[in-house]
Every structure is written in structure tokens, then in C-alpha cells.
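Read the structure below first, then the notes.
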Amino acid sequence: MPRPLRIVIVGAGVSGSGVAAGLVRAGAAGGFSAEVELVDPRPSPGAGLTYAAGGDPRHRVNVPSIRMAAVTGRSAGEDGEEDFHRWCLERGVLEADPDGWADGLHYPARSVFGRYLDERLRALFAAAGPVRVTHRRDRAVAARRLASPQGSGFVVELAGGRVLEADALVLCTGNPRPELPGVLAGLAGHGRVVADPWAPGALDTIGRTDRVLIVGTGLTMGDVVSTLLGRGHRGPLTALSRHGLVPRPRPAGQAESWTDFAANPPASVRDLLRRVRATVADAGRQGRPWTDVLESLRLQNGALWAALPVDEQRRFQRHLRPWWDAHRFQAAPQVARLLASAQTDGRLSVLAGRLVGANADADSSGTRGDEGGGLWVLYRPRGGDALTGRTYDALVNCTGAGHGASFGRNPLLATLTAQGLIRPDPLGLGVEVDRRHRALDAGGRPVTSLFVVGPPTRGSLGEVTGASEIVPHALAVAEALTAWRHGMSPRSP
């Protein structure tokens, strides 16, 4: 009998835990054995940064509990889609959190979903079977190629000194930490500038009466506003982005895909936009909501993305990405209502414009000051030529993941790049992969034993950000590893 396949998965968030769960399920089905090392310094598998324990209870899952995707390897036919809701009922979550109800559905705190993942995955990984999963609470800092009986494997070095040998390596590194936009780079390290709103205690330095500028108007802005107002913040809040688009509220009804864009996918962003607009108008005439059209796009986005040439993908990133994000990543009803109320009563202003400059050399009187002084920010309102300058007491960066710096910041990615085993995708969003999630080397060839799952693949595969998109990709990689073990050709998701 051949020895178990040795697999190292770097990252134990939704992506990495999803791959591990799929491998456990494959082992239980018979004919597959593996030793899986799940490397992540966080205490709980599955939660990652998004669903980590101890998060603000006001930060809610933007999908009702009954529709959350399972990360435990269960299929929809096995009631996997309702597993989280059943768990909530069993644990009394719905009764303990009456504020989570909206339109007859419950939107739990994200940390609650993290507790669910921790409990379910720990039990799954601890069960006896041919696939054994070990959670290594450490960081992978380097990897090099190694000849193995299975072909070309890897040696993975951990920060704590342990060295792991693997026949296959799976990168599930998630979104890189945020970085300040270039125009704000000079404010890095300033005591009143929050570069990473997800860092522990990041908002603790903001006083209740501070004038706060939030750069970015997506879901993270909603989280920051929810936290600050929940703490009793009384000062003016201003959110600024190029288009001033805030997330659309999550509608009460369940969206249903009803049109096929992928059968004849457009080869240009302009044609895709025309078709979407025409379809939305047709949906309205038939009494269907625009969210049904968006659901079609969500489910077919991989095929649509693959049909666009790289130049068209870049055009989408420049011109349509903010509109897609505002409609795709909808706000939980509680957050949407809070933002609307805060705008109505003047606590929150949302502006559209482009940052032009910023410095920390002036206090509110315009004189030079230290970190206790004001932050002077200059921006150009959208559609205008005149510049507007304002002074704030604090600034919070909510522009999203720092994709541009991911290869330089992550030592594991840096070592793999130096060996020519991975390369950035053409859009600079992450690691370039083929349709089977295999990393492409410096020459554009797939590395058969090196897989990538989750947000780092969005430049190659389309939108892979929410749990509902990540889980199918994670399970597809688990299937690919199982097939690879048996010498079969793994199929694409």
C-alpha cells in the first residue's frame, strides 16, 4: 500500500480549511489517504481574519444564516447549505441576538460564524480516518522544491523552526493586509492614521468627538462606522471614494439565477455592460429584481472573466470594479439602515472624489503641529476641477487589501517567486494560476504539485472573495489532489 500523500496547506481560513475538509471527506469515501499539515498561527481553523473570534458583534454576515455556504465539505444535497442555520438553532444564537433579525431572516455576527467553523472543523479533523489533519499554529516563511517519490515535492520552513516535507503545497494565504494608497504613503506610522482597520485595537486611538476621514466606502467602511457609532462617537464622519458608492442593502428575497451570459460570453467590457443593462431592464419588465441578474453574473463570473482579454480585464478593474463591488457585496440590513440613518441625521457624509495630497504638518489652525495636530487632506470632487482641502483629527484606511505589496510582504511568496515557481498575475491582484488552480511558473507553465485557492486567484479566475465563491474552488482542489494521487487528470471546477 502506498504511503499517505503529504500535503501542506498554508492558511487555515475558509480557503485552506475548505481544502482540508474536502480531503477528509474524500478519504471517508474510500481509496485516498493523506497527512495534511494546516499551517496558520490563528487558534481556530476556518475563521481567518473575516470571522475571527472577539470581533465586534455589530459586524454581521451579509447573508442570512439559512443561506450561508458550508465549509465542511458537505454538498448541498447533504443539507450542507443549512448546516450553519441548524447549528444556530441548536446553540440558541437566534434567541440571544434579537438585533440580528431583519425581514424574517437572521444575520448573525461574523464572529458567530467563526465559532461555528471552529466547532465543526475541529470535530471533522479530529475524527479517525485515512486523512489526518494537523493544525500547526505557526507561519510558513519559505519553501523550496524537493524531489520526492510522488515527483517534485516541497520543503516548507516555519517561523518556529519546524521543517515540513510535502508532496503537494496549497497556498491559501487570503487577502493581504491593507496598505495606504500612494497619496497617503507619507502618513504611514502617524499615530492618528489607521492603515489597517483590522489590526487589534486599530480604532482605539480615535476620540469620541474626533473629525474622522474614512478613505473607501465599501463594506469595511460600514464596519468602521458601526464600531465607532456603537462606541458613542459624536464627531463628524466623512467617507471618501472615487465614486462615492456605498454597498447596496441586502434585499429580503432570495436571488435566483435566470439568464445565461456564459453561453456566448462577451469579449469586451462594453458589450458585457450593454448585455447586463438590457437584461436588468428585461427583468424589470417581467417583475423580477435586479438581484436575479446579479446572481447570474455571480455564478457565471469565472467563465465571463476567462472570456475577456487581459486588456479588457484591466478596463473592468479601472472602470467597473467599484460598481460591481457595491452591488455584489451587499450590506446586511442592520448595517445598511445604520449608514442610511447616519447620513440622514448628518453624522456621516459620503463624498465622491479623488485624493490629491495629504500631510500631518498642520493643526486645525493651520500651524505646524505634532501627532496631536490635524491631518490636512486635499481632494478633487468627482466631476469638478476645483480642489477641496479639509482638516481631520483621524484617518482610517478602508481601501481594501494591499494586493500590490503581497509578493514583497509575504516571505513565502517571495521565496517561491525567487525560484521561478510562481509569478504575479497580469493585473497584480495575486498569484497567476490555470483553470485547475495550479500555479504558473515564471515561464507560464503549470506546477503540478503547487495549488492556489481563494482571493489570490481572483486575477486569473474572477471573483473569488466570498465564502460562497471560495468553497467550490476549495473542494475542486481537494478533488484535484485526490485525482492526482490516483494518477488521474483532475477536472476544472
Side-chain angles (χ1 to χ4, degrees), residues 14 18 61-64 66-70 75-77 80-82 103 105 107 218-219 243 245-309 312-333 336 427 429 435 437 454-455 457-476 491-493:
V14 171
V61 175
N62 65 343
V63 177
I66 201 164
R67 298 177 194 157
M68 281 298 291
S75 68
E81 290 181 351
E82 297 182 4
D103 303 314
L105 298 169
Y107 295 79
L219 287 178
H243 298 84
L245 297 171
V246 299
R248 297 297 188 264
R250 171 72 63 178
Q254 182 170 359
E256 298 180 2
S257 176
W258 71 291
T259 189
D260 189 353
F261 292 103
N264 182 26
S268 75
V269 170
R270 186 184 298 273
D271 288 345
L272 176 60
L273 184 59
R274 285 174 179 157
R275 284 182 60 179
V276 170
R277 285 175 169 168
T279 305
V280 169
D282 186 44
R285 288 189 290 269
Q286 297 186 41
R288 303 186 72 114
W290 62 267
T291 49
D292 284 1
V293 180
L294 183 113
E295 182 70 359
S296 303
L297 290 169
R298 185 185 73 81
L299 294 174
Q300 300 163 34
N301 93 87
L304 294 172
W305 187 251
L308 294 175
E312 289 297 311
Q313 292 176 350
R314 290 194 181 99
R315 188 168 288 114
F316 176 88
Q317 289 294 116
R318 285 197 304 270
H319 301 295
L320 289 186
R321 169 64 66 182
W323 300 90
W324 167 255
D325 286 348
H327 289 79
R328 164 67 185 92
F329 301 108
Q330 299 155 8
L427 303 181
L429 296 178
R435 302 302 296 176
H437 301 86
T457 68
R458 67 186 304 203
S460 300
L461 302 179
E463 193 62 70
V464 191
T465 303
S468 57
E469 281 89 28
I470 291 174
V471 171
H473 287 265
L475 298 181
R491 63 179 179 82
S492 300

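Predicted model, so just to flag it, every value in this text is computed and none were measured. In this chain, numbering begins with 1 at the start of the sequence shown.
In this structure, E312 and L272 have side chains that are not in contact, with every pair of non-hydrogen atoms separated by 4.5 Å or more. D103 has its side chain out of reach of P251: every pair of non-hydrogen atoms, C-beta onward, lies at least 4.5 Å apart. At a threshold of 4.5 Å between non-hydrogen side-chain atoms, the residues Y107 and V63 do not count as touching.
Residues passing the ring-ring contact (aromatic ring centres under 6.0 Å, His included) test with W323 are H243, sequence neighbours excluded. Under the ring-ring contact (aromatic ring centres under 6.0 Å, His included) criterion, H319 pairs with no residue, sequence neighbours left out.
Listed by first and then second residue, the ring pair (Phe, Tyr, Trp, His ring centres under 6.0 Å) pairs involving residues 263-283 amount to none (not counting sequence neighbours). The stretch residues 267-288 participates, sequence neighbours left out, in no ring pair (Phe, Tyr, Trp, His ring centres under 6.0 Å) pair at all. Residue pairs that meet the ring pair (Phe, Tyr, Trp, His ring centres under 6.0 Å) test with at least one member in residues 272-301, sequence neighbours left out, are W290-H327.
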Side chains of residues 262-269: which donor-acceptor pairs under 3.5 Å do they make with residues two or more places apart or in other chains?
| residue | atom | partner | partner atom | Å |
| --- | --- | --- | --- | --- |
| S268 | OG | D271 | N | 3.1 |
| S268 | OG | D271 | OD2 | 3.3 |

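In this model, no donor atom of one side chain and acceptor atom of the other lie less than 3.5 Å apart for W258 and Q286.
Taking CD of Q313 as the reference point, atom CG of L320 lies at 13.0 Å (rounded to 0.5 Å). Distance check: R328 CZ to E469 CD gives 4.0 Å after rounding to the nearest 0.5 Å.
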